[in-house]
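Working notes, structure below.
Naming: A, B, ... by sequence-line order, numbering from 1 per chain. Keep in mind that what you see is a predicted model, and the values were worked out from it rather than measured.
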Amino acid sequence: MMRSTWVWRLCVTARSPAEQNRALMSATQINTPAAGIADANRRQEETDERIFGAAFDGHVIRRFIGYMRPYRAGLMLAAVCVVLFTASQLMIPLVIRAAIDKALVPGIMDAGLLTTIALAFAAIISVNALASLGQEIIVGKTGERILFDLRRAMYAHLQRLSMSFMDQTEVGRLMSRLQGDVGALQEFLDTLVTTLGDVLLLIGIVTVLLMLNVKLAMLTLSVVLILLIVRMIWLPRARKAFVRARQTSSIVNGALAENINGVRTVQEMTREKVNFVRFEKKAHDYLNATRRAAKFSTAMAPIVDTLTGAALGIVVYVGGTMVLDNTLELGVMVAFIFYVQRFFDPIRSLTTQYSVMQRAMASGQRIFEVLDVPVEVVDKPAAIELGHIDATIDATIEFRNVTFGYYPGQPVLKNISFTVKPGEVVALVGPTGSGKTSTTSLIHRFYDVWEGEVRVGGHDVRDVTQHSLGRHVGMVLQEPFLFTDTIFENIRYCSEHATREDVMNAAQVVGAHEFIMRLPQGYDTRLEQRGGNLSLGQRQLLSFARAIVANTDILILDEATASIDSYTERAIQTALVRLLQGRTGVVIAHRLATVRKADRIIVLQDGRIVESGAHHELLRGRGLYHRLYSMNYASFDDIPEDLIRAAVAQTST
Amino acid sequence: MNSTPTIPGTSEAAGASTLKTESTDAPALSINVILRILRMAARHRVSMAAGVICAVAAANFQLLIPQYLGAAVDHAQGMLAHADTGSQAARSALWTTAMILLGAGVLRGVFTMFQNYLGESLGHRIGYELRLAYFEKLQRMSFSYHDRVHSGDLMTRGMLDVEGVRRFVENAMYRSIVLVILVGYGGYHLLSNDLALGALALSFVPIVAWRAAVSRLWLRRTWRQLQERLSEMTRIMEENLGGIRVVRAFVAQAFELARFDKVAGDAIAMSLKRVEIRYRNGAMMIFSYYAAMGLVLWIGGLKVIHGTLSVGMLTEFLAYMAILQQPVRQIGMIVNSVARGSISGARVFDIIDLEPVIRDKAGAPELAVSRGVLRFEHVDFSYHPDGSGAPALRDISFEVGPGKTLGIVGPPGSGKSTLAHMIPRFYDVTAGRITIDGQDIRDVTLESLRTCVGVMQQDTFLFSAPIESNIAYGEPDAQQERIMDAAGLAQLHDYVQRLPSGYETLVGERGLSLSGGQRQRLSIARSILPGPNVIVFDDSTASVDAGTEQKIRAALRDLSRERTTLIISHRLNSLMHADEILFLEAGRIVERGSHAQILALGGRYKDLYDLQVRGGNDALDLGMAPLRDGTLAG
């Protein structure tokens with residue numbers, strides 16, 4: 001299957017057990033900025049691991065060029081600028097040479113010619129300045145635009161990808177592609193122009209030197225060869241030292257983050273002394289690693305300076321002798337002096353750009369991997385709108401022989417059929433893994449069924465547009481998800497037509513109005529870190545209010561499992577009743593109180609419906625529901641697994 | 001009463017109030033901060049002095065190069081002019097010059113290397129010292145401080161600001177010495193040779209320096225703004241992907257894209273502006289440099305024609321300019337480093353200079369535990385010492401001794417957890433006192449107090465370490481057996497045993513994620529292990545299912561026989577067997593007594609009891625009924 005290959009590819013680097021666990025955490029951990037920074041460090045570390053790779057990947061480059069296409073006119077102009085810039089830079093020593101050899105020759109001093117030469121110089125540096133401006137600004141701006149285009153393309157693509165893809169890919173990983181990889185490309189784009197300029201400049205200098213004097217040029221350039229060799233030996237070792245410094249740095253920062261976030265536990269357990277000693281050791285490792293890296297980075301200076309000195313020495317001695325022998329003009333020797341001082345810089349930067357290129361290619365691959373994941377759940381070309389925008393629909397939900405699963409060969413739902421009549425509230429009950437969440441996800445068409453059909457309002461959900469389906473099917477998730485925004489915006493969310501009054505009414509209906517009004521800025525209070533400053537119960541109520549504002553005919557509700565105190569629990573139960581009033585409801589119920597309120601209960605087990613009926617009917621039936629109920633737990637989630645297994649076994653025999 | 005006097009200006013409150021300054025963009029250049037960093041550097045006398053010597057030497061050797069180049073050109077030209085080209089002396093003079101150039105190159109390189117290495121190394125050393133001081137201080141700062149301060153901000157200071165100081169030492173200190181010598185000494189040499197031409201050659205320096213400094217400072221300011229926009233963008237993306245089910249459920253894709261586009265549009269506009277400013281200034285700097293060079297060439301050439309300057313001297317001027325170009329462009333970087341070093345330094349020193357409000361009194365003795373009797377005497381407490389806001393605890397008095405259990409119940413926000421936090425002195429009472437075996441807990445050492453009191457929290461922080469180290473957190477060298485015993489009591493042992501790596505399983509940020517109930521059980525094991533005399537359960541079984549909680553209680557019964565136990569819970573059956581139950585409301589004890597007594601009052605406790613236990617058809621039953629071993633109920 002096309003999709004699974006892609007998913008597999010995306011996850012393939014991630015699937016070591018440690019990584020898997022780490023991945024589990026990444027979604028929750030984004031909450032705290034401190035952890036966020038540590039996370040960024042970790043991403044850096046991950047890039048380091050992949051540092052050794054191809055510096056050139058035709059596929060990535062081709063795709064990338066596609067994103068450059070809209071800006072091609074500007075980029076052409078930039079290319080012209082790069083050439084002009086390099087050429088004018090190359091001309092400067094030549095102008096100096098002309099001055100010395102033509103205007104300042106002993107005996108034929110020519111002030112007029114000198115002035116002409118000075119004017120030519122002025123012209124050249126003007127071209128140089130303009131070309132430099134043009135090249136850097138055009139490329140810099142285009143680069144930024146392309147990166148934003150890429151990031152937006154990825155982001156927009158993620159909005160359309162099916163839930164099965166999103167389920168299998170954690171937020172941290174996606175974010176590292178949206179941020180880290182796009183960032184690596186940015187670095188690449190920034191250096192791209194310099195690289196091109198450097199290459200051109202090097203070629204230019206070598207050509208000009210050879211044209212001026214072959215012998216002197218060859219001798220001088222031999223020094224460059226030494227630099228290249230030294231650099232080749234130096235680079236891999238230095239890189240190792242740098243990577244080590246970065247790793248120890250993220251260890252130190254990780255330890256700091258952990259101690260900041262866990263400071264209360266540290267003090268409670270009086271671990272201050274032990275932790276300080278351990279931190280000291282980590283900080284010391286880091287100090288040593290950075291000092292070692294510093295040795296490498298500073299070692300390059302004497303080498304380059306020695307070689308520059310050697311090259312200058314060659315020019316002075318060999319060139320000077322040639323001047324004395326009259327085989328070289330003095331101006332050429334001066335020009336050589338200036339060129340020698342210029343050509344070590346491009347070589348130095350070129351060798352560092354190699355690793356930037358490697359990183360960029362790896363990042364490019366990962367970016368295009370995401371962009372290439374096919375969108376699975378798409379509207380049919382002939383898809384119709386489900387109902388009119390504000391009109392209610394016939395809110396019947398029907399499952400006809402539905403079979404569905406996430407992995408081929410492992411169906412989660414097996415041949416399920418049931419109907420929910422308009423206005424009816426149905427509770428789905430069953431042990432973990434029995435298929436409750438899958439059932440509700442199918443109503444909203446987060447996934448497509450394998451067999452059978454799911455019908456809403458008389459239409460197969462695959463025959464209507466996803467957008468219109470979503471307008472009629474609302475959802476309240478088990479974990480209330482709030483955005484870092486005001487309470488008002490959180491309740492209104494994307495129902496942009498809703499007024500402030502609508503929002504306040506909704507809050508009143510679910511009983512959230514009172515606590516909202518007690519907050520410092522009422523409805524305009526900004527929730528920090530996804531509502532971390534609210535209690536779980538309060539967040540739950542806000543997510544209920546959000547569903548009321550969206551005002552859908554059908555509501556799917558996944559009840560929270562977390563334990564809340566009795567006072568909040570009471571508020572939530574009241575809100576729940578009001579929320580479901582006048583709607584067709586499918587509730588994944590965990591609490592007996594909720595289950596009993598439903599018009600009908602469907603008991604799922606192992607992907608099949610084992611029982612269905614009202615509370616008292618099921619109790620009379622003495623099936624699985626009866627067994628679970630009789631264990632007398634407030635919530636089905638509280639029942640220990642072994643008891644559930646026993647109950648299931650008893651029922652099926 | 002205030003038992004811990006705070007030093008004015010360095011109290012924790014002062015530290016918290018300066019927190020705001022970090023977001024203001026105006027770079028408050030504080031000489032004091034820079035001086036303090038320099039003093040820290042000066043403590044490393046040897047490497048500091050060696051670094052300065054190397055910087056001076058490197059700059060001087062670099063200045064030799066243009067002089068000898070000029071000399072070589074003059075030699076060659078002079079000999080050409082006098083048709084003296086055959087003389088061996090001239091050739092050996094060239095040889096000498098070439099060797100001197102090579103030598104100067106080598107020495108300059110070596111000294112530059114040492115200077116750079118010493119600079120980087122000293123920078124890292126100072127970063128190391130700051131990091132340790134910072135870490136040490138943060139660990140000791142009281143809860144009230146950590147409540148007020150955002151962990152992200154502390155992290156930024158500990159990472160980015162320490163880095164800012166380090167960069168200052170590395171980049172600004174020695175580089176400015178080199179720059180001063182190159183411009184000062186070299187400039188003096190040129191000016192003394194030819195005043196007008198020297199002035200022309202140096203004319204680009206102030207322009208470049210000014211543009212570099214201004215644009216760097218501007219870029220620095222806007223960098224902050226850009227980062228804010230980018231992190232806003234990151235947040236939107238993160239929340240979108242994290243809440244993708246909400247986005248899909250509400251078909252909000254278009255809405256979300258519009259939100260993204262708005263923020264992204266702001267960010268891109270900002271970064272485009274930055275690109276423009278950066279490169280426009282760059283181009284201007286290069287142009288002014290070349291313009292000065294052109295003028296030197298022209299005017300110098302005219303002087304050569306008039307015979308007042310040699311070609312060699314002209315070459316020297318031009319070569320000197322070539323050398324100066326790079327360091328002068330670094331002025332922007334130096335200015336930036338100084339500005340950043342000053343702000344970052346201030347932010348780090350802010351924390352290092354704080355004194356924790358809660359600390360040992362001078363000469364405080366260890367807590368002498370004989371029985372472990374805990375007494376609250378008219379305890380008042382407020383989170384706002386300035387008197388604003390309602391007090392969190394009012395006139396709380398009770399006594400609980402070994403083998404006894406005190407239950408505390410009350411609605412959310414009634415002060416239950418606050419009360420628990422008073423016992424290990426996470427906060428100090430505002431009035432009244434707390435004693436253990438008659439000793440005021442403020443008069444004994446924190447370490448001995450906290451070893452005696454074990455608080456099991458509702459939220460458990462897991463460290464990135466194996467389960468065993470997490471359990472043995474308070475006693476890192478505890479024996480394996482004791483770790484397993486503690487886990488056993490907390491009903492965690494069976495679960496851990498079933499894990500493939502058992503007690504060595506890594507948990508925490510990078511490890512296995514535990515469920516809420518498992519985390520709480522780990523917290524219980526962790527707190528029991530050191531054998532505290534006073535055990536406080538702060539809603540620590542809220543996420544543990546009712547059955548397991550019963551087992552934990554049973555297991556702990558033996559343990560609590562000689563210990564003092566406090567149970568805070570919203571589940572009544574967790575605490576109804578306590579010897580005394582306090583019902584808290586708005587920080588006050590409103591009802592108290594044994595279960596039977598307090599129930600008989602017919603007040604709030606009874607309401608809650610009815611709500612939880614005697615649930616009728618419409619009320620709730622929150623796991624109140626005991627286990628019935630799976631037998632059928634009628």
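If you take CG on B:Leu94 and CG on A:Leu324, they are separated by 5.5 Å, rounding to the nearest 0.5 Å. Between the CG atom in A:Asn261 and the CE atom in B:Met155 there is a gap of 8.0 Å [rounded to 0.5 Å].
Checked by atom type and distance alone, the side chain of B:Glu276 never pairs as donor or acceptor with a backbone atom of A:Gly140 at under 3.5 Å. Put simply, the side chain of B:Glu239 gets close to the backbone of A:Thr484: a donor and an acceptor are under 3.5 Å apart. With hydrogens and angles ignored, the 3.5 Å screen pairs a side-chain donor or acceptor of A:His444 with a backbone N or O of B:Ala249.
Within the 4.5 angstrom heavy-atom criterion, atoms from both the backbone and the side chain of B:Leu272 approach chain A. Heavy atoms of A:Leu114 lying under 4.5 Å from chain B belong to its backbone as well as its side chain. Both the backbone and the side chain of B:Val246 come within contact range of chain A, judged by heavy atoms closer than 4.5 Å. If you measure heavy-atom distances from A:Ile303 to chain B, you find no contacts under 4.5 Å at all. Of the atoms belonging to A:Arg160, it is backbone heavy atoms, and not side-chain ones, that fall under 4.5 Å from chain B. With a 4.5 angstrom heavy-atom cutoff, B:Asp539 does not touch chain A via any of its atoms. Looking at B:Pro424, there are no atoms closer than 4.5 Å to chain A (heavy atoms on both sides), in backbone or side chain. Using a 4.5 Å cut-off between heavy atoms, B:Tyr128 touches chain A through its side chain atoms alone. Looking at A:Thr308, neither its backbone nor its side chain comes within 4.5 Å of chain B, counting heavy atoms on both sides. Contacts of B:Ala252 with chain A are made by both backbone and side-chain atoms, with heavy-atom separations under 4.5 Å. Contact annotation for B:Phe114: neither backbone nor side-chain heavy atoms come within less than 4.5 Å of a heavy atom of chain A. For B:Met284, no part lies near chain A; criterion is any non-hydrogen pair under 4.5 Å. Heavy atoms of B:Arg245 lying under 4.5 Å from chain A belong to its backbone as well as its side chain. Heavy-atom distances place both the backbone and the side chain of B:Ala267 under 4.5 Å from chain A.
B:Ile236 has its side chain out of reach of A:Phe483: every pair of non-hydrogen atoms, C-beta onward, lies at least 4.5 Å apart. Looking at heavy atoms from C-beta onward, A:Arg271 lies out of side-chain contact with B:Gln139 at the 4.5 angstrom threshold. Taking 4.5 Å as the limit, every side-chain heavy atom of B:Arg278 sits out of range of all side-chain heavy atoms of A:Glu136. Side-chain atoms of B:Val73 and A:Leu330, non-hydrogen and from C-beta on, do get closer than 4.5 Å to each other. Proximity of B:Ser527 to A:Glu268: side-chain heavy atoms (C-beta onward) are separated by under 4.5 Å at one or more points.
Across B:Tyr117, B:Phe111, B:Phe287, B:Tyr68, the residue that shares the most heavy-atom pairs under 4.5 angstrom with chain A is B:Tyr117. Per-residue counts of heavy-atom pairs under 4.5 Å with chain A were compared for B:Ile268, B:Thr112, B:Ile100; the largest is that of B:Ile268. Of the listed residues (B:Leu446, B:Thr451, B:Thr234), the greatest number of heavy-atom pairs within a distance under 4.5 Å of chain A belongs to B:Thr234. Per-residue heavy-atom pair counts under 4.5 Å with chain A were compared for B:Leu318, B:Leu107, B:Ile299, B:Ile323, and the maximum is reached by B:Leu318.
Remark: the B:Glu256 side chain and the A:Tyr493 side chain contain an N/O donor-acceptor pair separated by less than 3.5 Å. Counted by atom type alone, B:Glu120 and A:Thr298 present zero donor-acceptor pairs between their side chains at under 3.5 Å. A side-chain donor-acceptor contact under 3.5 Å links A:Gln159 and B:Asn240.
In this structure, B:Phe135 and A:Phe276 have tilted ring planes: the angle between them lies in the 30° to 60° band.
Proximity of the aromatic rings of B:Phe260 and A:Tyr155 is defined here by a centroid distance below 6.0 angstrom, and this criterion is met.
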Note to self: Could you walk me through whether A:Met475 and B:Arg248 satisfy the side-chain contact (heavy atoms from CB on, under 4.5 Å) test, starting with their C-alpha distance in whole Å, then the side-chain angles of each, then the deciding distance to 0.1 Å, before giving a yes or no?
What the structure shows: CA-CA 9 Å; A:Met475 239 178 176; B:Arg248 299 289 168 96; over 6 Å; no
Next item on the list: Show your working on side-chain contact (heavy atoms from CB on, under 4.5 Å) between B:Leu101 and A:Val315 and close with a plain yes or no.
Entry: CA-CA 10 Å; B:Leu101 283 173; A:Val315 172; over 6 Å; no
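The heavy-atom pair separating A:Thr306 from B:Leu102 by the smallest distance is O-CD1, 3.7 Å. Closest non-hydrogen pair, A:Glu258 versus B:Ser464, comes out as OE2-N, 2.5 Å. Of all heavy-atom pairs spanning A:Phe148 and B:Ala264, the tightest one is CE2-O, 3.7 Å. Nearest heavy atoms, B:Ala283 versus A:Leu133: CB-CD1, 3.6 Å. For the pair B:Ala72 and A:Val316, the tightest heavy-atom approach, listed with the atom from each and the gap, is CB-CG1, 3.6 Å.
For the pair A:Lys273 and B:Glu447, the salt-bridge criterion is met [side-chain N within less than 4.0 Å of a carboxylate O].
For B:Arg450, there are no side chain to side chain donor-acceptor pair (under 3.5 Å) partners, not counting sequence neighbours.
Figure legend: A:Arg264 and B:Phe143 shown as a cation-pi pair, the cationic atom lying under 6.0 angstrom from the six-membered ring centre and within 45 degrees of its axis.
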